[in-house]
Amino acid sequence: MALAQLKIDTTAARLADVDVPQGAASWGNAARADALARVRQMGLPTKRDEYWKYTDPASLTAADAPEAAVFKSDETPLFDAVDRVKIVFVDGVFDADASDDLQAEGLEIERLSDAMATDIHWAKDIYGVLEARGQKPVERPLATLNTALATDGVVIRVTGKAVKPVNFIYLHNDPSSDAILHNVVKVEAGAEMTLLETGPAAARFSKLLEVDVADGGKFNHVRAQGRDHERRAVTHCFARIGAESTFKSFTLTFNGVLTRNECVLEIVGDDAVAHVAGVCVGDGKDFHHDDTVFITHDALNGESRQVFKKVLRNGATGVFQGKILVKEGAQKTDGYQISQSLLLDDDSQFLAKPELEIYADDVACSHGSTSGAIDETALFYLRSRGVPHDEARNLLTLSFLAEALAEIEDEALADDLRDRLEGWLARHR
Amino acid sequence: MLEIKGLEVKLEEEDKQILKGVDLTIEPGTVHAIMGPNGSGKSTLSYVLSGKDGYEVTGGSATLDGEDLLDMDPEERAALGLFLAFQYPVEIPGVGNMTFLRTAVNAQRKARGEEELSAADFLKEVREKAKSLKIDAEMLKRPVNVGFSGGEKKRNEILQMAMLEPKMCILDETDSGLDVDAMKLVADGVNALRSEGRSFLVITHYQRLLDHIKPDIVHIMANGRIIKSGGPELALEVENNGYADILSEVA
């Protein structure tokens, strides 16, 4: 089918001046060339695409990134107290001096450029491969563009139980930075790791994470997107989840003029668990946050959970598009999906598209979506006990978020994020 | 302590007068009971005194220790020493009972310019008071009132009262939904809190709660007014003869 003129123009404008990174071994060059060809064939998204009905991708596909003021915070950086391997990127460029040594027991860590320059490398079977698998049944051309153009990133092979988490720290210093990062994680059979991601990264940030979890592996992911009000981000996570393995991902988003987080999970082995959860808090008409999730069950006895909660005020917009696809034969699947928004005023809006598509006859799947205001009865109850109005409202807001926060396994990480949320709520009265 | 004069209240949303001139004076250290048929305005009185939205005061006044209650936010009334034990305690998923209690205690102390209770002192106090109400550690950890039985919810109200140490306690049909044992436990909790400086207003349909929480004065409320006041024997009269006699007597 011929592409619409707008799509052709958008794609041509974006690709007119791009430099495809060089210096890779043949497999790396091939992966990039293939991705570029796929982008040209698909065309970049426009607001006329069904999948972008609620979120206008124009500023994400524009040739130049719109500027974003750098946000200075006097808060202690997130997870400061956690013993971790810090890997720092400044405006999308790896900063060796600010980073720890790329090593820890149970982990093999390399810069993406080093991995791609190696003739025979395990990353070859994942880089751009999981992304390409995730293009069906819905095309995700911005992910493919990332595969073609990513300039930096890290690849991690998890060989055992990692002794400490890895923290990608994305700093934003340049108001006009346009960063494209691509990270790859391979969790070997029975191995375990926790990946932390923090920070805004750039004025415009395209980030892709591919995760391959082998049988019995465990991948734990906790991320907090930075507080810069004008930043834009489109992120993708593609995961292939093997038998008896666990994948858990949680994202906290503060502020940002535009955020689109896509998560594409494929359960390919029996008895696997996949959870993806998120909390976003937004204030003002310039806040637009979109969670787009697609979970495919293609094995027996799989369990998946999607838990997304949004707090929106002063005209903020939240979007949720979530799908559970249960393929034929994926019996005993247990799928759960909930997306809820707390609208703190009449101007804010929540747009939700929950979907189930089931081709197996012995499954338990449920989905629900709600928008609501603060419960006045509970508010009065708290106030009648002496809790001031704003404090009571914040307590109820945190209670609204509790189900999503409970998806974070590690108490210390959850507590840190909860503290940040309390701080945000206290600042936004 | 509590002084209500000619209080008139209507619903905000519809033009319906609920209280039509309530007069009530409660002295320190006394226990007053209000009885009355359904729809007489008993619960409305408790909500208006504690500051719930949805009511419009069209006349009269209500003061606690001389301070105008009706002008204050609910949290200010609480800090001043007013406490309402709810007929239907509210479930708050996601907020731990302990967190809730501590937030409330410290918010009130802060509002009164007192120092906040340390975590250790708070814990010690809450454990002691919970024990006498047969509230176990598990119940303290659970989200506020979520999954609590009717009796547990009411005991939890009394625990809040014990922790907040108000001077004016209003109990709105605290006996509803309780079996005899549960009611006795709740009444014991209330009786333990009786003191010279603390007054109670017990709202109930039935005499049986008043067997356990013995009132000094009993009021009968009907059609938005207190129509008769007397000693504890008035409650017995209601128990034996219903409200009909009193209503016709006054009419």
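Note on naming: letters A, B, ... go to the chains in the order of the sequence lines (proteins, then strands), and numbering restarts at 1 for each one. As the structure is a prediction and not an experimental result, all values here were calculated from the model.
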Whether over 12 other heavy atoms sit under 6.0 Å from [X] [atom1]:
X: Glu13(B); atom1: CD; result: no
X: Asp121(B); atom1: CG; result: yes
X: Arg127(B); atom1: CZ; result: no
X: Lys110(B); atom1: NZ; result: no
X: Glu75(A); atom1: CD; result: yes
X: Asp345(A); atom1: CG; result: yes

Separation between CG of Leu49(B) and OG of Ser384(A), rounded to the nearest 0.5 Å: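 It is 12.5 Å, given to the nearest 0.5 Å.
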Interface residue of largest heavy-atom contact number with chain B, from Pro388(A), Ala406(A), Ala392(A), Ala402(A), under 4.5 Å: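 When all of Pro388(A), Ala406(A), Ala392(A), Ala402(A) are compared, Pro388(A) has the most.
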For chain A, which residues of [range] have at least one non-hydrogen atom nearer than 4.5 Å to it?
range: residues 85-103 of chain B; answer: Ala85(B), Phe86(B), Pro89(B), Val90(B), Ile92(B), Pro93(B), Gly94(B), Val95(B), Phe100(B), Thr103(B)
range: residues 149-164 of chain B; answer: Glu157(B), Gln160(B), Leu164(B)
range: residues 67-80 of chain B; answer: Asp73(B), Pro74(B), Glu75(B), Ala78(B)
range: residues 133-145 of chain B; answer: Val144(B), Asn145(B)

Interchain contact, Glu403(A) with chain B, by part (heavy-atom threshold 4.5 Å):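 Glu403(A) has no heavy atom closer than 4.5 Å to chain B.
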Check: Gly51(B) main-chain N/O paired with Arg383(A) side-chain donor or acceptor under 3.5 Å: no
